[in-house]
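The next block holds one structure in the form of structure tokens; read it before the comments.
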Amino acid sequence: MKDYNHKEIESKWQKEWESKNLFKTNPNPKDKSYLLVEFPYPSGDLHVGHWYAFAVTDIFARYMHHLGKDVLFPFGFDSFGLPAENAAIKRGLNPKTWTYSNIEKMIEQVKSMGTMIDWDTKVVTSDPEYYKWTQWLFLQFYKKGLVKHEQTHVNWCPSCKTVLANEQLEGGVCERCSSAVEQKEMKQWNIEITKYADRLIDDLDSLNWPHHIKEAQKNWIGRSHGTFFTFDIKGTGGVIPAPNDVILAEARIQDHQTPLADFTNAQGNLQIKVFTTRPDTFMGVTYVVVAPEHDLVQTLKPSISNWSEVQTYIDQTNKKTDLDRQTNKDKTGVELKGIKALHPATGREIPVFISDYVIATYGTGCVMAVPAHDDRDFEFAQKYNLEIKVVLRPNVIRVDGSFNKDFDSTEELTKLNEDYLNGKKPFVGDNALIFNSGEFNGLTSEQAKDAITSKYGEKTTTYKLQDWSVSRQRYWGCPIPMIHCTSCGTIPVPEDQLPVVLPDMDKIEMRDDGKSPLAHNHEWVEASCPQCGSKAERETDTLDTFVDSSWYYTRYIDPKNDTEIASEQAKKTWLPIDFYSGGSEHTTRHLLYARFVYKVMYDLGIVPQSEPFNKRNNRGLILGTDGDKMSKSKGNVINPDEVVERVGADVVRAYLAFMGPYGEAGNYPWDPNGVVGIRRFFERVYSLVEKVSTQDSKEALVAINTLLSQITTDFEQLKFNTGLSKLMVCINSLEKTEFSKDTFKKFLVVFETYAPHLAQEIWSSIGESDLIYNQLFSTPDVSILADQKLKIAVQVNGKTRTVLEVDPNLSKEEILAQAKSNPEVLRWIEGKEIVKEIYVPQKLVSFVIKG
RNA sequence: GCCGAAGUGGCGGAAUUGGUAGACGCGCACGACUCAAAAUCGUGUAUCGCAAGGUGUGAGGGUUCGACUCCCUCCUUCGGCACCA
């Protein structure tokens, strides 16, 4: 037998495929399938994770191909971003050179996987031919009014010297460098994703996505239904009028959608507007709290008598990092002296506080405090000795079945109150009855929510999701196509002048001015105003790389088109994506941005559907041999190139597929012995070449047809592990019996999905001249399987006592009779009464006996 | 705290969705080949028991002729969100 020389075999066929341009996508597909894997960042080293992403998805792509589908399986690079720029600053390399040489290197490595990627699709986000369209899209968003340039509180990473989106924070620190993130006020480009919040939630229903991914997105968007209440504000001299400029102000609180004008009533008086999901506790409000950074606080300044104390607290809050705020949750705050809020129902004067436990960007940035029924308000009230008014009690059913509605006067109320005074937890459940609330007494929480809202409030919905801040003060990114003119304002670059090309720069350095290095390239910054022609300046911020990656799959289908983002024909043909495979880290960011961008494109008539990804799965992680996440510091990193060198790409592909189900995002430790096991299996397959005969035994026919009839289910469910085990089972049978070339060929076409090189080598060594890639899966001959003896389990009282081998044509009665006369079964039923006989066709017989 | 996923041999994991639990692979044991080892091949491998047989899918209960699978209670692990009112 010939040696299984994987190196020779793999390089030979890779060359052959490339020279024939075998994987060219069919431009006129009859039955398309668009398979997408998240494109990588060109870091320069290909790790096991890339293999797991592309080589295993390639098994699925080849399966689709052998079914006769026209598959689009593209590849590209998400090539803008910080690592290139950091390498440039640190090592004096040009980010472009660094990036593009990495790309070259990685393409070679990816090619070693033996995938059926069509390299003509290649998309690179830092190519001007690509980012021309990123800029074009930005302008379409701008025209549609979804882009705002506004003063914003931003997350500032002092080490990366750039702004970070909330999505780029991990527990209050920068996801890249782990520095504590600071708050800063800057003018930023924001995209109003919040306008799409409802659709982003509601349209999830129609998608064939795992439940947990949908839930994570819903959670992230954080829709909650509730009520606005407004509290008039009274100073020592009566109600407080708003300054004129405030009423019309477009001023916004952070990047939040509530304009300050909302805090002014029809008479021009200032109010505090709060959001709550618990309007049923409204009569228990004993104070209100405003976020310290809220613009309203500044507006109220003239009426506040302890301003210096207030100012100190605000300063402290601004200095606090998000991390501080998250780790230290002790309640602090300052009362705004000199003003009071008026409870809308009772007119009672209640104190107003500022405290950093209220988040400026959520709801209205102000809350009504109900210390009796909210943990945080309770803690705050305890600390500052504020009134606690109980208005809810558990809606319990007593042992005798009656509701205890006459509650207020009982000892139970006293006990509740005592519990609070003793510092116990407040009752926060919403299966409750209302008391102590005037006309609303006796209602359930559910009823009170409606009743109180319709009398005093306004129904509303809020979201945790915030607008997408896309400005980055970095060089290596897509330039934002805007021009600032002193007389005309901010003007978009005309579309026929796109792309705004990122200039080559010899030296890239970050300064402390909070600006992109581009700002110091005066030659580039200088521009003329597209409107009035006078001297103007280019925008120097670049786009968040999540913008680049939010639409790349729309470019794969027509990557070289220089007049449109993609042709109508290509869009109609290939969109949407049939299957999208990616990492779980992208569940709430990339995947949400991409859906959002696609929806906007849909609204603009650019794409034909409103959801881009019909099916999605998050793949898992390959862990080190020690079961820990691979990391250089732990020294447990598996270098795929080394393994490929030793056992071949085919083995690595198949081993990765064999580790566990692909659709479940499980984490699998790398087992060097497992790799050897696959190698052993491949060698056995290879050695079968010499056993090929001219005819098939019955066993061989059963083996191959069983495989063919079962394998599609495994593929459809992304269970490449059980799929491979079925190939092994088939080989275990064929090894022991006589089989024909025809049978072996049928096997090889399935085998090819896992081991394309070896399968092709065997294919040609048994005398086939066409490429195995061009073959279709064979359909199973079910008559052979139907002809087999059936194995029928016989149970007595639920326990299996024997297994009968019966002729498949026997009737139910005949099988039952056989079962009853079987000596093994007789041992258990002899002399007993059979109460029930159950027959499950082709599976089992079950007797229930008595006595 | 809230949301989600999952608990099966020494290990990775199977089980046609209520029908013979542990497929396939790894590991391990014994045997063959070898002077020996490696590789390879063969046999065995949930557990208690000499056996007949019993027990077993995180724990406890329930439904059913029959439960890894369905229902209830609880425990544990992992992932996401988290002072979101």
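Residue numbering restarts at 1 for every chain, and letters A, B, ... go by the order of the sequence lines.
- Atom C1' of B/A67 sits at a distance of 16 Å from the matching atom of B/G58, rounded to the whole Å.
- In this structure, A/Y754 and A/F715 have tilted ring planes: the angle between them lies in the 30° to 60° band.
- The residue among A/K736 and A/G222 whose nearest nucleotide of RNA chain B lies closer to the 5′ end is A/K736.
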Protein-nucleotides 24-26 of chain B N/O pairs closer than 3.5 Å?
{"residue": "B/C26", "atom": "OP1", "partner": "A/R680", "partner atom": "NH1", "Å": "2.5"}
{"residue": "B/C26", "atom": "O2'", "partner": "A/D671", "partner atom": "OD2", "Å": "3.2"}

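- Note: A/F353 and A/F380 meet the aromatic proximity criterion, with ring centroids under 6.0 Å apart.
- Rounded to an integer number of Å, the gap from CD1 of A/I221 to P of B/A82 is 14 Å.
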Each nucleotide in nucleotides 1-8 of chain B should get exactly one letter: B, S or -. Can you fill that in based on protein heavy atoms under 4.0 Å? --SSS---
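- For A/S224, the side chain to side chain contact (heavy atoms under 4.5 Å, CB included) partners at least two apart in sequence or on another chain are A/F275, A/T277, A/Y362, A/T462.
- Ring geometry, A/Y593 versus A/F546: the interplanar angle falls from 30° to 60°, so the pair is classed tilted.
- Atom P of B/G10 sits at a distance of 10 Å from the matching atom of B/A46, rounded to the whole Å.
- When the P atom of B/C65 is taken as reference, atom CD1 of A/I829 falls 19 Å away, rounded to whole Å.
- Mapped onto RNA chain B by nearest heavy atom, A/E735 and A/Y668 fall at different nucleotides, with A/Y668 at the one closer to the 5' end.
- For A/K843 and B/U17, the NZ to P distance is 7 Å, given to the nearest whole Å.
- Separating the NZ atom of A/K719 from the C1' atom of B/U17 is a distance of 11 Å, rounded to the nearest angstrom.
- Both tests pass for A/R801 against the ring of A/W828: distance under 6.0 Å to the centre and angle within 45° of the axis.
- Closest approach of A/R646 and A/R679 over heavy atoms only: O-NH1, 4.4 Å.
- Set against B/U20, B/A14, B/G19, the side chain of A/T800 has B/U20 as its closest nucleotide.
- With both ends at atom P, the span from B/U63 to B/A52 equals 33 Å, rounded to whole Å.
- Rounded to whole Å, the separation between the P atoms of B/C71 and B/G18 comes to 11 Å.
- When the P atom of B/U64 is taken as reference, atom CD of A/Q795 falls 17 Å away, rounded to whole Å.
- With rounding to whole Å, A/F847 atom CZ is found 16 Å from B/G66 atom P.
- Using a cutoff of 4.0 Å between basic side-chain nitrogens and carboxylate oxygens, A/D626 and A/K634 are not scored as salt-bridged.
- A cation-pi arrangement, defined by a distance under 6.0 Å to the six-membered ring centre and an angle within 45 degrees of its axis, is absent between A/R595 and A/W220.
- A distance of about 25 Å separates the P atoms of B/C3 and B/U8, rounded to the whole Å.
- At the phosphate of B/C81, neither OP1 nor OP2 sits under 4.0 Å from any side-chain N or O atom of A/K464.
- On the P atoms, B/G9 is 14 Å away from B/G22, given to the nearest whole Å.
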Begin from the C-alpha positions of A/W670 and A/Y655 and carry the test ring pair (Phe, Tyr, Trp, His ring centres under 6.0 Å) through to its verdict. CA-CA 9 Å; A/W670 182 273; A/Y655 172 63; 5.0 Å; yes
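- Spacing between B/U55 and B/G61 at atom P, rounded to whole Å, works out to 15 Å.
- Following rounding to the nearest Å, A/L844 (CG) and B/U16 (P) show an atom-to-atom distance of 14 Å.
- With respect to the salt-bridge test (charged N to carboxylate O, under 4.0 angstrom), the residues A/K726 and A/D714 qualify.
- Distance noted for atom P between B/A14 and B/C65: 31 Å (whole Å).
- Note: CE (A/M659) to C1' (B/C11) measures 12 Å, nearest angstrom.
- Side-chain polar atoms of A/Y287 and A/E335 form no donor-acceptor pair below 3.5 angstrom.
- Dashed line: the shortest gap from a side-chain N or O of A/K799 to OP1 or OP2 of B/U55 is under 4.0 Å.
- Regarding contacts with the backbone of B/A85, a side-chain N or O of A/Y362 is found under 4.0 angstrom from either OP1 or OP2.
- Taking every side-chain heavy atom of A/K836 into account, B/C65 is the closest of B/U20, B/A14, B/C65.
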